[in-house]
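Here's the structure we're looking at; comments come further down.
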Amino acid sequence: MSDIRDILELEQGASVPSKEAIVGGNKARKLRRANEPSFKRPEGMHRELYALLYSDSRDSPPLSSTDTSHGYKQMKAKLGRRHVRAWKWVPFTNPARTDGAVLYHWRRAADEGKDYPFARFNKKVDVPSYTDEEYQMYLHDGPPSTWTRSETDHLFDLCRRFDLRFIVIHDRFDKEQYQARTIEELKDRYYSCVTKLLKARAPPGQEAQNLPSAYDSQHETERKRQLLKLFNRTQEQVQEEEMLVAELRKIEMRKKEREKKQQDLQKLITAAENQADSYRLKRDKKPIKKKPTKKKGELPDKPTKAESSGVKFPESKGAGVYLRSSRMKMPGSVGTKKAKAVEQLLEELGVDLMPMPTEQICHQFNELRNEMILLYDLKQAAGNCEFEIQSLKHRLEALGKDISTINVPVEAVSIVPKVQVTSTSSTPLIDAVTPSPGTPNARKRRTAAAFLEQNPLKKTKRP
């Protein structure tokens, strides 16, 4: 019971409270009349909006904003022992004004005599002034310049008056007394004069401070002319520009594809040359040794790894017995098309597809197939380059009819491939042309498909 008394803030010695004391029976309950309608806030309506439409006192919403006790604000008087501060109806002048106007307002008696607080917001641009000597020495230009002394004074007067708002200055410039000037000419004259004055007034041996940024009137005139020209475009010109931009993107994409193919071809050629050089050096430096005889019961030597090449044939890395013929299995990284081409060429050369898997035969057979795959890639890349060259030549021939008016013969334009295939042997590497993906010409696609059906390795001549 003591805890209940503490919660209800009752005295500890008091008797058990009644139901009316707990519920609040001392307060007069406000009974709702039978004929009064009950209001309920509609679903989806915010509480703040509903409070503006309806209140507990059934009063209509006020016409002006008020502070009531049922809202968020509660008006409470803050009473203290200090005296109320006195206010006076006093005159004041604004230091930012030059006409000396005197106005009146209410102000605290303690703040009487202080400056007008809003005068600090009056910011003015510091427009320099010049003397007759400075104008003759620094600001006076020769005959090419059409600015006179009176016109320059009028410009600087307007700059002080309108705080360098050149749109207003151009509107208020006296075009009857002086010749009409553009905004760019007004800006150029003002900033050039200010720069010359600041440089002339700088102490000797020191650079001028707070120099304005250089103003290029010719660039601004050209920029506004281009913007006006861009704004006045017709719908047909806008569509033509969009079409040209799309064509430019396609040309850039084709250029990137050609560069990528050239890089791949160059890598293949470099790999082939390096492999040929390594074979030549190994053959020249390899000493002639007799084959050592193995003793009975001696374990066979560990199989040596083939040279690193483009195709990595499987090798047995685990312990235990394995078949040496598994080393001649074509890896899965080689495509089916390449594998079929290698098998077809082996059949034409009279080489067994599964020879006797001795140590030397396995090594030489894998090297032979590796060189065949490399030759296949080289011929494919060379065929792609040749097909691209032919398509560009046909395109130039088609464009030759359109550019005949400027006397540019098609024969004068020659396409020289950047990558040339060199071979030390008499076996030709480029015998077929393969198609390039995405070629729009149907005739070229049919020619490329006819070459694609053939095996690039099939046409290799035997030495």
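Throughout, numbering of the chain's residues begins at 1 and tracks the sequence.
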Residue pair [X] / [Y]: nearest heavy atoms and the distance that separates them:
{"X": "L198", "Y": "Q209", "value": "CD1-O, 4.2 Å"}
{"X": "A101", "Y": "T93", "value": "O-CG2, 3.8 Å"}
{"X": "V334", "Y": "A339", "value": "CG1-N, 4.1 Å"}

Measure the shortest side-chain to side-chain distance between [X] and [Y] over non-hydrogen atoms and say whether it is less than 4.5 angstrom.
{"X": "D188", "Y": "D216", "result": "no"}
{"X": "R249", "Y": "V245", "result": "yes"}
{"X": "T146", "Y": "E151", "result": "no"}
{"X": "I373", "Y": "D377", "result": "yes"}
{"X": "W89", "Y": "R107", "result": "no"}
{"X": "Y190", "Y": "L164", "result": "yes"}
{"X": "M330", "Y": "K338", "result": "no"}
{"X": "Q239", "Y": "Q235", "result": "yes"}

Roughly how far apart are [X] [atom1] and [Y] [atom2], rounded to 0.5 Å?
{"X": "Q266", "Y": "Q263", "atom1": "CD", "atom2": "CD", "result": "9.5 Å"}
{"X": "E386", "Y": "Q390", "atom1": "CD", "atom2": "CD", "result": "5.0 Å"}
{"X": "E240", "Y": "Q237", "atom1": "CD", "atom2": "CD", "result": "7.5 Å"}
{"X": "T182", "Y": "K187", "atom1": "OG1", "atom2": "NZ", "result": "10.5 Å"}
{"X": "L197", "Y": "L211", "atom1": "CG", "atom2": "CG", "result": "11.0 Å"}
{"X": "I183", "Y": "S217", "atom1": "CD1", "atom2": "OG", "result": "13.0 Å"}

Run the side chain to side chain donor-acceptor pair (under 3.5 Å) test against [X] and tell me which residues pass, sequence neighbours left out.
{"X": "Q226", "answer": "E222"}
{"X": "E134", "answer": "R201"}
{"X": "T152", "answer": "R189"}
{"X": "E241", "answer": "R233"}

Please tabulate, one pair per line, all N/O donor-acceptor pairs under 3.5 Å involving side-chain atoms of residues 109-123, not counting sequence neighbours.
{"unit_1": "R120", "atom_1": "NH1", "unit_2": "P117", "atom_2": "O", "d": "2.7"}

For residues 153-162, please give each side-chain donor-acceptor pair under 3.5 Å, one per line with the distance, not counting sequence neighbours.
{"unit_1": "D153", "atom_1": "OD1", "unit_2": "Y130", "atom_2": "OH", "d": "2.3"}
{"unit_1": "D153", "atom_1": "OD1", "unit_2": "R149", "atom_2": "NE", "d": "3.2"}
{"unit_1": "D153", "atom_1": "OD2", "unit_2": "R149", "atom_2": "NE", "d": "3.1"}
{"unit_1": "H154", "atom_1": "NE2", "unit_2": "D174", "atom_2": "N", "d": "3.3"}
{"unit_1": "R160", "atom_1": "NH2", "unit_2": "P128", "atom_2": "O", "d": "3.1"}

Report task. Give a yes-or-no answer on whether the side chains of R97 and N94 include a donor-acceptor pair shorter than 3.5 Å. Result ->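 No, no side-chain donor-acceptor contact under 3.5 Å.
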Query raised in the report: Between E220 and R223, is there a salt bridge with N-O shorter than 4.0 Å?
Result: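 Result for this pair is yes, salt bridge flagged.
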Report task. Inspect the contact between E184 and K224 and indicate whether a charged nitrogen and a carboxylate oxygen are less than 4.0 angstrom apart. Result ->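 Salt bridge flag = yes for E184 with K224.
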Query - Charged tip of R181 within 45° of W147 ring normal and under 6.0 Å - result: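 Relative to the ring axis of W147, which defines the angle, R181 lies inside both limits.
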Query raised in the report: Taking the six-membered ring for Trp, are the ring centroids of W87 and W106 within less than 6.0 Å of each other?
Result: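 They do not qualify: ring centres at least 6.0 Å apart.
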Report task. Using atom types as modelled and distance alone, determine if a side-chain donor or acceptor of K175 lies under 3.5 Å from a backbone N or O of H170. Result ->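 Looks like yes, one N/O pair under 3.5 Å.
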